[in-house]
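The first residue in the sequence is number 1, and the count goes up from there.
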Amino acid sequence: FSEYTVMHVGCVAKINPEAPLDKVCVLSCGISTGLGATINVAKPRKGSTVATFGLGAVGLAAAEGARISGASRIIGIDLNPNRFEEAKKFGCTEFINPKDHDKPVQQVLAEMTNGGVDRSVECTGNIHAMIQAFECVHDGWGVAVLVGVPHKDAEFKTHPMNFLNERTLKGTFFGNYKPRTDLPNVVEMYMKKELEV
């Protein structure tokens, strides 16, 4: 509720003065994190298939990053089906509620996509979703990006063959954006109506 705040210079980014602060304030964390996780880290090719685990603010931004990248199928995974309609605005083309299936989500995705998705982005912080996100990518070229922060005692367990079959697992913090130099560009994307918030 402060009107003035003392900030370290490294935490300040100069943005377009026309940008509405009540809107672009959400770009400083969740939106940039999800968007960057897809665009900067997963780097889906045009026409690829992307799975987004969790359809909160970060997951919706990750789906939007897939849309901006030209992905042809963007599959949203969430336990709350009420999020599916809103997620269409951000680019999701298909949805999975894990509660609707008797088999693991990674198996459902493999069957839907002829062996696995090209890219997945995990935005929940749930260790089971993280494992599913990794195990649902295609052998040989699939890339999974972990964004959510798990419980400090959580352990990531998967079969070593998942790595030997040339799947890639990456993590990111703030979507690999550099706040001072990259955030102004994200604001410009919003100002040009290229970005849904």
Taking atom [atom1] of [X] as the centre, report whether more than 12 heavy atoms of other residues, nucleotides or ligands fall under 6.0 Å from it.
X	atom1	result
Asn114	CG	no
Phe173	CZ	no
Asp153	CG	yes
His101	NE2	yes

Say whether, by atom type as modelled, one donor and one acceptor occur between the side chain of [X] and the main chain of [Y] under 3.5 angstrom.
X	Y	value
Ser32	Ser28	no
Thr93	Ile74	yes
Ser72	Gly47	yes
Glu122	Val145	no
Asn162	Glu135	no
Ser48	Pro44	no
Thr38	Ala62	yes
Asn176	Val41	no

Exercise for review: Could you check if a side-chain atom of Arg180 sits within less than 4.5 angstrom of a side-chain atom of Lys14, using non-hydrogen atoms only?
Suggested key: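 No. Closest side-chain heavy atoms not under 4.5 Å.
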Flag yes if [X] and [Y] sit in one hydrophobic cluster, no otherwise; membership is Ile, Leu, Val, Met, Phe, Trp, Tyr, and two members link when side-chain heavy atoms are under 4.5 Å apart.
X	Y	answer
Phe163	Val137	no
Ile131	Val105	no
Val24	Ile31	yes
Leu35	Tyr190	yes
Val50	Ile68	no

Review point. What pair of heavy atoms forms the shortest contact from Phe134 to Ser120, and how long is it?
Key: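 Distance-wise, the nearest heavy atoms are N-OG, 4.4 Å.
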Exercise for review: Check the angle between the aromatic planes of His138 and Trp141 and answer parallel, tilted or perpendicular using the 30° and 60° thresholds.
Suggested key: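 Geometry flag for Trp141 against His138: parallel rings.
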